[in-house]
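A short worksheet on the structure shown next.
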Amino acid sequence: MIDSYSDFRSALLLWYDQNQRMLPWRTKPSLYNTVVSEFMLQQTQIKTALPYFERWLIRFPDFHSLAEAETESVLKYWEGLGYYNRARNLHKLAQCLVDADAIPDTPDAWKALPGIGDYTAAAISSIAQNHPSAVVDGNVVRVLARLTNDDTNFSSNAQAVKQFTVLANQLLDSKRPGDANQAMMELGATLCTKGQPQCQCCPLKTFCLGFQAGKPEGLPAITRAKRTQVQENRAFIIREQRLLLYKIPSDAKRLKDHYELPSLEALGLTKDSKHLKKLTSKKRGISNQVITETVYELDTALNPIEEKEPFYWIDLKSIDRILLSGPHKRWIRDLLMLL
DNA sequence: AATGCGGGGGG
DNA sequence: CCCCCAGCATT
């Protein structure tokens with residue numbers, strides 16, 4: 001397929017040296033910066049993570065400061081980014097490293113730490129420690145599927161990752177593994193994009209079978225999980241400058257310890273009640289669910305509930321101090337403007 | 001191997 | 001509206 005691995009690696013690295021984006025974890029490289037950025041970038045685009053990364057480094061500049069921080073503070077700085085177990089795992093990881101006798105120096109050693117799988121172990125090892133381990137993320141899968149013109153219909157992303165890991169390691173430049181890995185991902189993020197790849201600018205076009213065959217856009221072919229529809233009805237209730245919120249239990253599977261607008265169900269109400277008035281409705285996606293959420297207000301004559309257990313009356317002035325998921329935070333802000 | 005986990009970017 | 005994003009842990 002590829003005549004000269006040496007030519008391939010040179011072309012890729014030359015392009016990366018000349019075209020890489022300026023990013024804070026590249027400008028100021030360190031083990032800590034690499035670890036934090038890789039956690040934030042799990043299933044999250046660079047553009048989205050960037051402001052979080054900057055704020056994080058000011059508040060938690062190193063492993064030691066992170067290890068010592070309260071979980072609540074750590075989550076507050078992750079608020080809105082999603083996948084909150086990443087923050088909890090990063091926090092635990094910092095504590096592990098501070099306690100450890102030695103820093104891990106192989107992918108397998110990194111994988112023993114919380115929140116680190118195949119991808120992140122290879123990324124940290126190669127970028128921060130010059131270890132020759134290839135990363136295979138969504139970008140790399142796309143680049144390699146096109147490079148080899150592989151039209152396999154993968155039944156999952158994991159299957160594609162597994163298949164392309166072999167090739168990724170064969171192609172990896174062991175002299176500069178961190179840059180070679182980042183170059184493949186940078187290529188996938190900027191030129192070899194899903195929609196309209198800019199093949200004419202691609203440093204790999206002379207090696208790319210997909211380009212030569214003329215149809216790289218359709219690759220890779222991966223069957224995705226079907227989405228299911230869910231309906232949620234919630235209450236927006238304010239009494240005397242306090243908003244009624246529901247605190248998600250610490251043993252819940254998602255959004256543990258976050259606050260949200262209480263569901264009508266939890267309040268013992270149904271959407272058909274005469275005392276409810278529809279305020280607004282929005283649709284959003286979570287994982288493979290499409291949630292249609294409708295918010296109602298309750299007649300001011302009725303006083304719904306005491307402050308007890310998972311229900312809290314939060315003073316509007318202190319709303320910024322509690323943990324809120326992104327959508328609920330925006331929702332509350334919008335509804336307060338409306339009133 | 002399949003599923004759940006947030007949220008947002010961009011076509 | 002859709003797919004996808006520098007994935008991981010659990011089952």
Side-chain angles (χ1 to χ4, degrees), chain A residues 20-21 23 25-26 33-53 75 78-90 92-93 110-128 134-143 154-162 165 168 178 180-190 192-197 217-218 220-228 230 248 252-256 258 260 282-291 293 323-331:
Chain A
Q20 67 176 281
R21 291 169 287 179
L23 297 170
W25 48 88
R26 290 176 181 163
N33 289 4
T34 299
V35 170
V36 172
S37 64
E38 291 302 338
F39 268 72
M40 287 190 174
L41 292 172
Q42 288 168 8
Q43 287 294 283
T44 302
Q45 291 186 318
I46 286 177
K47 184 174 183 180
T48 304
L50 222 33
Y52 286 87
F53 184 84
L75 287 171
W78 204 273
E79 185 183 53
L81 244 194
Y83 288 138
Y84 298 94
N85 276 337
R86 293 183 296 176
R88 296 175 191 274
N89 285 334
L90 179 55
K92 290 180 202 162
L93 181 146
W110 281 106
K111 272 189 69 172
L113 294 169
I116 296 189
D118 289 334
Y119 166 80
T120 308
I124 294 172
S125 300
S126 63
I127 296 170
V135 299
V136 185
D137 72 333
N139 289 307
V140 176
V141 166
R142 189 169 53 254
V143 170
F154 297 101
S155 60
S156 72
N157 188 63
Q159 188 194 1
V161 166
K162 185 174 180 182
T165 296
N181 276 332
Q182 293 187 80
M184 290 289 280
M185 296 190 283
E186 191 85 346
L187 198 58
T190 60
C192 195
T193 53
K194 176 187 183 307
Q196 296 170 338
E217 299 85 2
I222 301 174
T223 300
R224 309 291 176 179
K226 190 72 181 174
R227 297 169 85 84
T228 59
V230 177
I248 300 172
K253 290 188 175 171
R254 68 185 175 100
L255 297 175
K256 319 178 211 294
H258 283 67
E260 61 179 11
K282 279 184 187 172
K283 192 176 283 192
R284 64 186 173 110
I286 294 179
S287 187
N288 57 354
Q289 289 183 331
V290 180
I291 303 180
E293 256 165 329
L323 212 50
L324 284 165
S325 71
H328 281 264
K329 190 175 203 167
R330 215 170 323 112
W331 223 334

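Everything numeric in this text was worked out from a predicted model, so none of it was measured. Throughout, protein chains are lettered first and strands after them, A, B, ... in sequence-line order, and every chain is numbered starting at 1.
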When we call it a touch if two heavy atoms are under 4.0 Å apart, what does [X] touch: a base, just sugar-phosphate, or nothing?
X        : answer
A/Asn157 : nothing
A/Thr193 : nothing
A/Trp78  : nothing
A/Lys283 : sugar-phosphate
A/Gly80  : sugar-phosphate
A/Ile46  : base
A/Thr120 : sugar-phosphate
A/Asn85  : nothing
A/Arg330 : sugar-phosphate

Would you say the side-chain atoms of [X] pair up with the backbone N or O of [Y], donor to acceptor, closer than 3.5 Å?
X        : Y        : value
A/Tyr84  : A/Glu79  : no
A/Ser126 : A/Ala123 : yes
A/Glu186 : A/Arg21  : yes

(request) Identify, between A/Arg26 and A/Lys111, the residue whose nearest nucleotide on DNA chain C lies closer to the 5' end. (result)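 Looking at the nearest nucleotide for each, A/Arg26 comes out on the 5' side.
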(request) Using heavy atoms to find the nearest nucleotide of DNA chain C for A/Pro114 and A/Arg21 separately, return the residue whose nucleotide is more 5′. (result)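 Nearest nucleotide further toward 5': that of A/Arg21.
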(message) Please determine whether a side-chain nitrogen or oxygen atom of A/Gln43 lies at a distance below 4.0 Å from atom OP1 or OP2 of C/dG7.
(response)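 Checking C/dG7 against A/Gln43, a side-chain N or O does come within under 4.0 Å of OP1 or OP2.
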(request) Give a yes/no on whether any side-chain N or O of A/Arg227 is located under 4.0 angstrom from OP1 or OP2 of C/dC3. (result)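 Negative; the distance criterion is not met.
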Taking the same atom, [atom1], in [N] and in [M], what whole-Å distance lies between them?
N      : M     : atom1 : value
C/dC4  : B/dC5 : C1'   : 16 Å
C/dT11 : B/dG6 : P     : 16 Å
B/dG11 : C/dA6 : P     : 14 Å

(message) Please convert DNA chain B into dot-bracket. A pair counts if it is Watson-Crick or G-U wobble with both distances under 3.5 Å; crossing pairs go in [ ] and bases paired with another strand get |.
(response) |||||.|||||
(message) If we check side-chain contact (heavy atoms from CB on, under 4.5 Å) with A/Arg254, which of these qualifies: A/Asn85, A/Ile248, A/Ile286?
(response)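 Going through the options one by one, the only one that passes is A/Ile286.
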(request) Give me the one residue out of A/Ile127, A/Ile46, A/Val35, A/Thr34 that meets side-chain contact (heavy atoms from CB on, under 4.5 Å) with A/Trp25. (result)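 It is A/Ile46, the one option of A/Ile127, A/Ile46, A/Val35, A/Thr34 that forms the side-chain contact (heavy atoms from CB on, under 4.5 Å) with A/Trp25.
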(message) Could you tell me the boundaries of the chain A footprint on DNA chain B, defined by atoms under 4.0 Å from its heavy atoms?
(response)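 Result: B/dG4 to B/dG10.
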(request) For DNA chain B, determine which residues of residues 134-141 of chain A have any heavy atom closer than 4.0 angstrom to one of its atoms, and list them numerically. (result)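 Heavy-atom cutoff 4.0 Å gives no residues at all.
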